[in-house]
Amino acid sequence: QVQLVESGGGLVQAGGSLRLSCAASGRTFSSYAMGWFRQAPGNEREFVAAISWSGVSTNYADSVKGRFTISRDNAKNTVYLQMSSLKPEDTAVYYCAADESRARVVAGINAYWGQGTQVTVSS
């Protein structure tokens, strides 16, 4: 089992920045690909970003490319999502996810999910 706990959400003005963190516990963190997803009210959950177990390979949704950066620190069992140039349409609950396969992470077929953290961007 892997437990995932997100933090760092909050209220920010458009154009601002936030950094989300996801702390993992349980089985070996460094063997899992990690990802971030988000769900806005009335919408389905959507993929945001993914990172391989080594941190070498990353994937991003087109809507966040150039604005968001995913990274990880395997020594701290933590994955991050640095969000910049935030827009009101980025408002959503952001979820951390983990799976042994980065392809499955990107596809949203994750073995483990966190509880989510709210990000609200005001205009």
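All residue numbers refer to positions in the sequence shown, counting from 1.
- Under the rule for a salt bridge (charged side-chain N to carboxylate O under 4.0 Å, His left out), the partners of Glu46 that lie at least two apart in sequence or sit in another chain are Arg38.
- Within the structure, the ring pair (Phe, Tyr, Trp, His ring centres under 6.0 Å) test picks out no pair touching residues 49-75 (sequence neighbours left out).
- When hydrophobic side chains of Ile, Leu, Val, Met, Phe, Trp and Tyr are connected at separations under 4.5 Å, Val5 ends up as a singleton with no cluster partners.
- Not counting sequence neighbours, the partners of Trp113 by the ring pair (Phe, Tyr, Trp, His ring centres under 6.0 Å) test are Phe37.
- Taken together through direct or relayed side-chain contacts under 4.5 Å among Ile, Leu, Val, Met, Phe, Trp and Tyr, Ile70 and Val105 form parts of separate hydrophobic clusters.
- Ser84 OG to Arg19 CZ: the interatomic distance, rounded to the nearest 0.5 Å, is 11.5 Å.
- Of all heavy-atom pairs spanning Ala14 and Ser123, the tightest one is CB-CA, 4.3 Å.
- Here Ser85 pairs with nothing under the side-chain hydrogen bond (donor to acceptor under 3.5 Å, both in side chains) rule; sequence neighbours left out.
- Sorted by first and then second residue, the ring pair (Phe, Tyr, Trp, His ring centres under 6.0 Å) pairs with a member in residues 71-109 form an empty list; sequence neighbours excluded.
- Rounding to the nearest 0.5 Å places OG of Ser71 at 8.5 Å from CG of Leu81.
- Scored by the side-chain hydrogen bond (donor to acceptor under 3.5 Å, both in side chains) test, Asn74 finds Arg72 as partners (sequence neighbours excluded).
- Looking at Thr28, its side chain never comes within 3.5 Å of a backbone N or O of Ser31 through a donor-acceptor pair.
- Residues that satisfy the side chain to side chain contact (heavy atoms under 4.5 Å, CB included) test with Gln118, not counting sequence neighbours, are Thr91, Val93, Thr120.
- Between Gln82 and Leu18, the closest heavy-atom pair is NE2-O, 3.6 Å.
- Ion pairing between a basic and an acidic side chain is recognised when a charged N comes within 4.0 Å of a carboxylate O; Asp62 and Lys65 show such pairing.
- Smallest separation of non-hydrogen atoms from Ala97 and Asn110: CB-CG, 3.4 Å.
- For Gln39, there are no side-chain hydrogen bond (donor to acceptor under 3.5 Å, both in side chains) partners at least two apart in sequence or on another chain.
- Ala61 pairs by the side chain to side chain contact (heavy atoms under 4.5 Å, CB included) definition with Phe47, Ser63, Val64, not counting sequence neighbours.
- Proximity of a side-chain donor or acceptor of Asp99 to a complementary backbone N or O of Ala111 within less than 3.5 Å is detected.
- With sequence neighbours left out, Ala98 forms a side chain to side chain contact (heavy atoms under 4.5 Å, CB included) with Leu4, Tyr32, Met34, Tyr112.
- Here Asn43 pairs with nothing under the side-chain hydrogen bond (donor to acceptor under 3.5 Å, both in side chains) rule; sequence neighbours left out.
- In terms of modelled atom types and a separation under 3.5 Å, the side chain of Glu6 and the main chain of Thr117 share no donor-acceptor contact.
- Shown here for Leu20 and Trp36, the closest heavy-atom pair between the two residues is CB-CH2, 3.7 Å.
- Atom OG1 in Thr69 sits 11.0 Å away from atom CE in Met83 (nearest 0.5 Å).
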